[in-house]
There are 2 protein chains.
Amino acid sequence: MRNTKNDRRSQRTRDLLRSALIELMLEKRYSEITVQDLIDRANVGRSTFYSHFLDKDDLLIGGFNTMIDALSPFNKLQPAAGEPLEQLDLTPLFSHMQEHAQLYRALLHGGGLDLIFSSGQSQLQRQIEAYLAALAPQPALALALIASMMTGAIFNLVTWWLNSANSYTPAQINTIYKQLVLPGVRGSLQL
Amino acid sequence: MRNTKNDRRSQRTRDLLRSALIELMLEKRYSEITVQDLIDRANVGRSTFYSHFLDKDDLLIGGFNTMIDALSPFNKLQPAAGEPLEQLDLTPLFSHMQEHAQLYRALLHGGGLDLIFSSGQSQLQRQIEAYLAALAPQPALALALIASMMTGAIFNLVTWWLNSANSYTPAQINTIYKQLVLPGVRGSLQL
DNA sequence: CTCGTTAATGAACAAGTTGTCCATTAACGA
DNA sequence: TCGTTAATGGACAACTTGTTCATTAACGAG
């Protein structure tokens, strides 16, 4: 049995195309990048591109999903019973983003976030909502709303972090996040 | 002296194209909409489109800037000296968004937010940052960061609001926003 | 190392899109 | 009323997209 995905040639092609996309997104907006640009930059045949990906969006989403998957240990987010809200630790998430800062920076610079919002952010949002549900029996506001706000704050915090001098560690970003967001959340959860 | 912009024909064409864009954004993603779609829907000649707008993005941004301009009374956001943080009132902003819910819903549904982020959000963010600067002599965190977080929260709150049953009034949304966001902000401003 | 399998290639393709140009027509408003 | 100005539509070259196919070359199981 031959494993298609493990073929060195396939991996090489995929890597070349993903790198090309990141490179190009640092140079111009995602919407302005054409398949032609990608295959030129990756030095890959046109038909090769289409045998790996459906289109440009598929390449972007696929590359991002790879990252998301790498984040699966983050599923340990769920709190123990009676655990205080302060226990929330997003450090693994921020560490992951720091490791792949190049990709996230490209996303922030080149746009293409609309596509990610539908997969990435909503997934994170669901996890946070589940976390809150486990803690709060009687929330004063809809959990979906609070989770949405918390996710948005993560997103904007990371934007600021990656665009600034980047001198903060993931643990520090985690502290800042909690300092800025948790007081309001605690009140709304009526803990 | 003839005023080009006031010519009924020009206004009619612009209105038709803007409406067509909103309609189409409720049907499919912004990136999938072509100039051809727009002029078909608006029933307008191809060359007419290009005599009014540079391209598709120009139409989107232009339409949005019109909204932003309508928001200029919001510039009274600046606080009086010594005014407490609780005085912050974003009700006019939320009212405006409710009035133009159709446009904002189209934006949320169809994507195209990347383009707006660069003009709309950054403007709001600057106003909030100036507001904070007038209040906080010794902030514990960079004001840009706090303002970014606050803007992101507004954005996500509105997303939730416009997608939900929409039963809340702008004043209620303003209250929810303050309840959720201000506690963390107050701590970080060291008031 | 061998050899059957499988990916990459590149060229060609129709169909669609983009932005521009221009002569003609018709609506506007001073 | 009449000169000005916007809309029209057709035509245009340049480019993009996604597909097909015969050919070449890299791969890896045995």
Side-chain angles (χ1 to χ4, degrees), chain A residues 1-63 65-66 106 110-112 114-115, chain B residues 1-63 66 110-112 114-115:
Chain A
M1 191 217 279
R2 306 273 295 272
N3 192 335
T4 297
K5 293 178 185 175
N6 284 346
D7 193 312
R8 275 183 214 161
R9 293 169 294 178
S10 292
Q11 285 185 334
R12 198 185 87 100
T13 300
R14 270 185 245 266
D15 286 349
L16 283 172
L17 285 169
R18 289 207 187 103
S19 301
L21 178 59
I22 291 180
E23 271 184 50
L24 287 165
M25 282 178 78
L26 290 170
E27 294 171 19
K28 53 179 166 181
R29 296 220 326 274
Y30 173 71
S31 61
E32 293 172 328
I33 298 172
T34 67
V35 174
Q36 196 66 51
D37 291 333
L38 288 166
I39 65 181
D40 286 349
R41 183 64 63 102
N43 203 25
V44 146
R46 178 168 204 71
S47 42
T48 305
F49 176 91
Y50 283 104
S51 72
H52 282 277
F53 303 100
L54 287 173
D55 52 23
K56 199 179 61 162
D57 290 354
D58 194 37
L59 171 59
L60 177 68
I61 295 174
N65 282 344
T66 304
D114 294 330
L115 282 168
Chain B
M1 193 215 279
R2 308 274 295 270
N3 193 336
T4 297
K5 292 178 185 176
N6 284 346
D7 193 310
R8 277 184 211 159
R9 293 169 294 179
S10 290
Q11 285 185 337
R12 198 185 89 100
T13 300
R14 269 184 245 266
D15 286 349
L16 283 172
L17 284 169
R18 290 208 186 103
S19 301
L21 178 60
I22 292 181
E23 271 184 51
L24 286 166
M25 282 178 78
L26 290 171
E27 294 171 18
K28 53 179 167 181
R29 297 221 324 275
Y30 173 72
S31 61
E32 292 172 329
I33 298 172
T34 68
V35 174
Q36 197 65 49
D37 292 333
L38 288 166
I39 65 181
D40 286 351
R41 184 63 63 101
N43 203 25
V44 145
R46 179 168 203 73
S47 40
T48 305
F49 176 91
Y50 284 106
S51 72
H52 281 278
F53 303 100
L54 288 172
D55 52 24
K56 199 179 60 162
D57 291 355
D58 194 37
L59 171 60
L60 178 69
I61 295 174
T66 304
D114 293 330
L115 282 168

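To find a chain, count down the sequence lines: A is the first, B the second, and so on, and within it residues start at 1. Because the structure is a prediction, the values reported are computed rather than measured.
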- [ ] Please determine if B/Asp7 and B/Arg12 form a salt bridge, counting it only when a charged side-chain N lies under 4.0 Å from a carboxylate O.
- [x] no

Task: Among C/dG19, D/dA6, C/dA7, the nucleotide that comes nearest once only the side chain of B/Ser10 is considered - done: D/dA6

- [ ] Mind calculating the distance between CG (A/Asp7) and P (D/dG28) to the nearest angstrom?
- [x] 5 Å

Open item on the list: Is A/Arg8 close enough to D/dG28 that one of its side-chain N or O atoms is under 4.0 Å from OP1 or OP2 there?
Closed with: yes

Task: Interatomic distance, A/Phe49 CZ vs D/dT17 P [rounded to whole Å] - done: 9 Å

Open item on the list: On the nucleotide D/dA6, are OP1 or OP2 found under 4.0 Å from the side-chain N or O atoms that B/His52 carries?
Closed with: no

TODO: Round to the nearest Å and state the distance from B/Asp58 atom CG to C/dG19 atom C1'.
DONE: 14 Å

Open item on the list: Quick check for you: among D/dA26, D/dG18, C/dG19, whose closest atom lies nearest to any side-chain atom of A/Asp55?
Closed with: D/dG18

- [ ] Write out all pairs satisfying salt bridge (charged side-chain N to carboxylate O under 4.0 Å, His left out) with one or both partners inside residues 43-61 of chain A, taking only residues at least two apart or from two chains.
- [x] A/Asp57-B/Arg29

Open item on the list: How many whole angstroms separate atom CG of A/Asp57 from atom P of D/dT17?
Closed with: 11 Å

Task: Pairwise side-chain contact, A/Glu27 with A/Arg41, heavy-atom cut-off 4.5 Å (strictly under) - done: yes

Task: Positions of residues 32-42 of chain B (non-hydrogen atom under 4.0 Å from DNA chain D), listed by number - done: none

- [ ] Decide yes or no, distance alone: a donor-acceptor N/O pair under 3.5 angstrom between the base of C/dG10 and the side-chain of A/Arg46.
- [x] no

- [ ] Return no unless some side-chain N or O of A/Thr13 is found under 4.0 Å from OP1 or OP2 of C/dA8.
- [x] yes

Open item on the list: Does any part of the side chain of B/Thr48, heavy atoms only, come nearer than 4.5 Å to the side chain of B/Ile39, both counted from C-beta?
Closed with: no

TODO: Could you walk me through whether A/Glu32 and A/Asp37 pass side-chain contact (heavy atoms from CB on, under 4.5 Å), step by step?
DONE: CA-CA 9 Å; A/Glu32 293 172 328; A/Asp37 291 333; over 6 Å; no

TODO: Carefully, step by step, assess B/Arg18 and B/Glu23 under the rule salt bridge (Lys or Arg N to Asp or Glu O under 4.0 Å).
DONE: CA-CA 9 Å; B/Arg18 290 208 186 103; B/Glu23 271 184 51; over 6 Å; no

- [ ] Measure the CG-NE2 distance between B/Leu17 and B/His52 for me, rounded to the nearest 0.5 Å.
- [x] 7.5 Å

Task: Nearest-angstrom distance from the residue atom CG of B/Leu16 to P of D/dA6 - done: 16 Å

Task: Within-4.5 Å side-chain heavy-atom neighbours: B/Tyr50 and B/Val35 - done: yes

- [ ] May I have the distance from A/Lys56 (atom NZ) to D/dG18 (atom P), rounded to whole angstrom?
- [x] 10 Å

Open item on the list: Whether B/Thr48 contacts D/dT8 is assessed here as follows: a side-chain N or O lying under 4.0 Å from the phosphate OP1 or OP2. Is that the case?
Closed with: yes

- [ ] State whether B/Ser51 places a side-chain N or O below 4.0 Å from either non-bridging phosphate oxygen (OP1 or OP2) of D/dA6.
- [x] no

Task: Nearest-angstrom distance from the residue atom CD of A/Gln11 to P of C/dA8 - done: 11 Å

Task: B/Tyr50 vs C/dG19: side-chain N/O to OP1/OP2 distance below 4.0 Å - done: yes

- [ ] Determine whether A/Leu24 and A/Tyr30 make a side-chain contact, defined as any pair of heavy atoms from C-beta on separated by less than 4.5 Å.
- [x] no

Task: Distance in angstrom units between B/Asp15 CG and D/dA6 C1', rounded - done: 15 Å

- [ ] Can you figure out which of C/dT9, C/dA7, D/dG18 approaches the side chain of A/Ser47 most closely?
- [x] C/dT9

Task: Pairwise side-chain contact, B/Leu38 with B/Leu59, heavy-atom cut-off 4.5 Å (strictly under) - done: yes

Open item on the list: Taking donor-acceptor contacts at under 3.5 Å, does the side chain of A/Arg9 reach the base of D/dA26?
Closed with: yes

Task: Nucleotide pairing, DNA chain C (Watson-Crick or G-U, distances under 3.5 Å), in dot-bracket with [ ] and | - done: ||||||||||||.|||||.|||||||||||

